[in-house]
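In what follows, a single structure is set out as structure tokens and then discussed.
Order of the sequence lines sets the chain letters (A, B, ...), proteins ahead of strands, with each chain counted from 1.
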There are 2 protein chains.
Amino acid sequence: MKDLSQTMQDYLKAIATLDRGGEVSTTDIAAALKVSPASVTSMIKRLASMKLIQHKAYRGVVLTHAGRKVAMEIIRHHRLIELYLAEALGYTWDQVHAEAENLEHHISEDFEDRIAKILGDPKYDPHGDPIPTKDGHLPPTVHDRLCDADVDDVLIVRRVNDDDAELLRTLTEHGIGLATTVRVVERDETSGHITIRVRRTTVRLQHSSASRIFVERQAVVS
Amino acid sequence: MKDLSQTMQDYLKAIATLDRGGEVSTTDIAAALKVSPASVTSMIKRLASMKLIQHKAYRGVVLTHAGRKVAMEIIRHHRLIELYLAEALGYTWDQVHAEAENLEHHISEDFEDRIAKILGDPKYDPHGDPIPTKDGHLPPTVHDRLCDADVDDVLIVRRVNDDDAELLRTLTEHGIGLATTVRVVERDETSGHITIRVRRTTVRLQHSSASRIFVERQAVVS
DNA sequence: TCGTAGATTTAGACGTGTCTAAATTTCTTC
DNA sequence: GAAGAAATTTAGACACGTCTAAATCTACGA
Ligand SMILES: [Mn+2]
Ligand SMILES: [Mn+2]
Ligand SMILES: [Mn+2]
Ligand SMILES: [Mn+2]
């Protein structure tokens, strides 16, 4: 379709990722991309003039249909690449994100199609993040955070944010991955720490870590 | 090592590719990269100030040791990627070049090492071009062109330039690939055409095509 | 040796994407 | 509702990589 610069693609991806239904703020985009708010304003104007976003001055931006399409395309690339790196090249889940971040902008549609086929048209990446379909639809996504769980909840890890490689390595060390079942054994409301039990060992997580882990309530066995 | 822009990497790669022992001219670089000679001059100055090339005004450029190292690194990426695309993703030899041209600048050292290992530390890419080793050494390369062969020469195709996808497809159609044996049946000195015989069929090639095909003289059977 | 064709460089401009500092608008709080 | 704080935009600058047009240099033939 379009032939947007890598920078523009990154802005659109960031806006899509930050989207919570309403407008996305200049400051949030600036923080996500590690550029100044002034830079964001100037790029916003260009993206708006290309009808990829809607911009009301001082009010934030919203993706247009065209802008969302581009963003989903990039996110699809990113997550397919992550899964391919893990499945075909032996990357661990803490390594794939950085590599995919670079490659996502530089593969052809043909490459995308080929790895998607080899992977069997997967719906989820190595972190449990949904892979947008070719037409931009997102598979169902778990949104319940471990940091919001109650003591004695029995939970299945379904998704972990991919942007903290250190956390991913720590989880691996403790044998925690996707589909791992954990039980909440303690919530320290003052410090925010959450302690969980997994396969006979106990793991104490900071609030910031627990907020990156998304869980599903264990189905009740009849 | 360095973190050069994709553009600088492409200039260094072009210079390395155009290198015939002496200086490489501004015009040749401009033609290879499809930019104006003036653009080349300005980039030459920057690369020279970074000690990646040596430049004598009006006299052309030569890669320094550091510059050659960068170029070999990119060429290694390019050719490893081409081979990986062919072996692992089912690309044909006319498809790999365009994809590799983009990816070569964006893979990590780790990615390079992983595909090199999976491929068994290969020495040649799908077009028979030598893959530089990690320390920048080039495996032996065939330099004899089919266009220079004599009538009745029996030759083995060892290398084909990868920059003409159309030619690569034509060769495939005629069953000509690496290691294919061909015999020169006619040279038309006026038009430059060369006619070859391959497995009971006859193929007539333009001079420009034959000049892209590199051959080895068939070993004499005792 | 001279003159010129062709190659190369210089000059000046432009688009992209970034920055800091200053101006403006919106939000919060009293 | 007004003041100050916070967010956003504007203004002006800069590096990169490109261009065209003009100036300059080199090489080659007469
Ligand atoms: Mn990721
Ligand atoms: Mn990116
Ligand atoms: Mn190639
Ligand atoms: Mn390239």
Side-chain angles (χ1 to χ4, degrees), chain A residues 2-16 18-63 67 70-71 74 101-102 104-106, chain B residues 2-16 18-63 67 70-71 74 101-102 104-106:
Chain A
K2 294 281 177 42
D3 197 28
L4 300 172
S5 70
Q6 165 163 355
T7 303
M8 287 180 176
Q9 291 178 10
D10 277 338
Y11 273 86
L12 294 172
K13 188 174 73 149
I15 294 166
L18 292 167
D19 184 23
R20 292 284 173 280
E23 292 84 10
V24 178
S25 76
T26 300
T27 322
D28 286 354
I29 299 169
L33 296 177
K34 297 188 210 290
V35 296
S36 71
S39 300
V40 174
T41 299
S42 102
M43 179 56 76
I44 276 177
K45 298 191 161 202
R46 266 187 289 157
L47 293 173
S49 79
M50 300 168 78
K51 312 272 191 197
L52 293 165
I53 59 178
Q54 269 189 277
H55 181 217
K56 273 180 291 191
Y58 295 98
R59 283 279 131 91
V61 299
V62 180
L63 289 171
V70 173
I74 303 301
E101 200 63 37
N102 294 321
E104 62 187 6
H105 310 287
H106 303 287
Chain B
K2 294 282 178 46
D3 197 26
L4 300 173
S5 70
Q6 165 164 353
T7 303
M8 287 180 176
Q9 291 178 10
D10 277 337
Y11 273 85
L12 294 172
K13 188 175 73 148
I15 295 166
L18 293 167
D19 185 23
R20 293 284 173 281
E23 293 84 8
V24 177
S25 76
T26 300
T27 321
D28 287 354
I29 299 169
L33 297 177
K34 298 186 209 287
V35 296
S36 71
S39 299
V40 174
T41 299
S42 102
M43 180 55 77
I44 275 175
K45 297 191 161 203
R46 265 186 288 158
L47 293 173
S49 80
M50 299 168 81
K51 312 272 192 196
L52 294 166
I53 59 178
Q54 268 189 280
H55 181 218
K56 273 180 291 189
Y58 296 96
R59 284 280 132 91
V61 300
V62 180
L63 288 171
V70 173
I74 304 301
E101 200 63 37
N102 293 321
E104 63 188 7
H105 310 287
H106 304 287

Report the distance from atom [atom1] of [X] to atom [atom2] of [N], rounded to the nearest whole Å.
{"X": "B/Met43", "N": "D/dC19", "atom1": "CE", "atom2": "P", "value": "11 Å"}
{"X": "A/Leu33", "N": "C/dG17", "atom1": "CG", "atom2": "P", "value": "12 Å"}
{"X": "B/Arg46", "N": "C/dT9", "atom1": "CZ", "atom2": "P", "value": "15 Å"}
{"X": "A/Lys56", "N": "D/dA7", "atom1": "NZ", "atom2": "C1'", "value": "17 Å"}
{"X": "A/Leu47", "N": "D/dT9", "atom1": "CG", "atom2": "P", "value": "13 Å"}
{"X": "B/Tyr11", "N": "D/dG17", "atom1": "OH", "atom2": "P", "value": "9 Å"}
{"X": "A/Ile44", "N": "C/dT18", "atom1": "CD1", "atom2": "P", "value": "12 Å"}
{"X": "B/His55", "N": "C/dA7", "atom1": "NE2", "atom2": "C1'", "value": "11 Å"}

Checklist line | Letter per nucleotide, 5' to 3', of nucleotides 22-28 of chain C [B base touched, S only sugar-phosphate touched, - untouched; heavy atoms, 4.0 Å] | finding: --BSSS-
Notebook entry, point to check: Is the number of heavy atoms from other residues, nucleotides or ligands under 6.0 Å of B/Gln54 CD greater than 12?
Noted result: no
Check [X] against [Y] and note the closest heavy-atom contact, atom names and distance.
{"X": "A/Ala14", "Y": "A/Leu33", "answer": "CB-CD2, 3.9 Å"}
{"X": "B/Gly22", "Y": "B/Asp19", "answer": "O-OD1, 3.4 Å"}
{"X": "B/Ala48", "Y": "B/His55", "answer": "CB-CB, 4.2 Å"}
{"X": "B/Ile29", "Y": "B/Tyr11", "answer": "CG2-CD2, 3.9 Å"}

Would you mind classifying the nucleic acid contact of [X] as base, sugar-phosphate or nothing, using non-hydrogen atoms under 4.0 angstrom?
{"X": "A/Thr41", "result": "base"}
{"X": "B/Ser39", "result": "base"}
{"X": "B/Ser5", "result": "sugar-phosphate"}

Establish, with yes or no, whether the OP1 or OP2 oxygen of [N] is under 4.0 angstrom from a side-chain nitrogen or oxygen of [X].
{"X": "A/Thr26", "N": "D/dT9", "value": "yes"}
{"X": "A/Thr7", "N": "C/dT16", "value": "no"}
{"X": "A/Ser36", "N": "C/dC19", "value": "yes"}

Item checked: Derivation and outcome, side-chain hydrogen bond (donor to acceptor under 3.5 Å, both in side chains), residues B/His105 and B/Asp10 -> CA-CA 9 Å; B/His105 310 287; B/Asp10 277 337; 2.9 Å; yes
Check: So, A/Gln9 side chain and A/Leu4 main chain: donor-acceptor pair closer than 3.5 Å or not?
Finding: yes
Next item on the list: Among C/dT20, C/dT18, C/dT10, find the nucleotide with the atom closest to the side chain of B/Ala38.
Entry: C/dT10
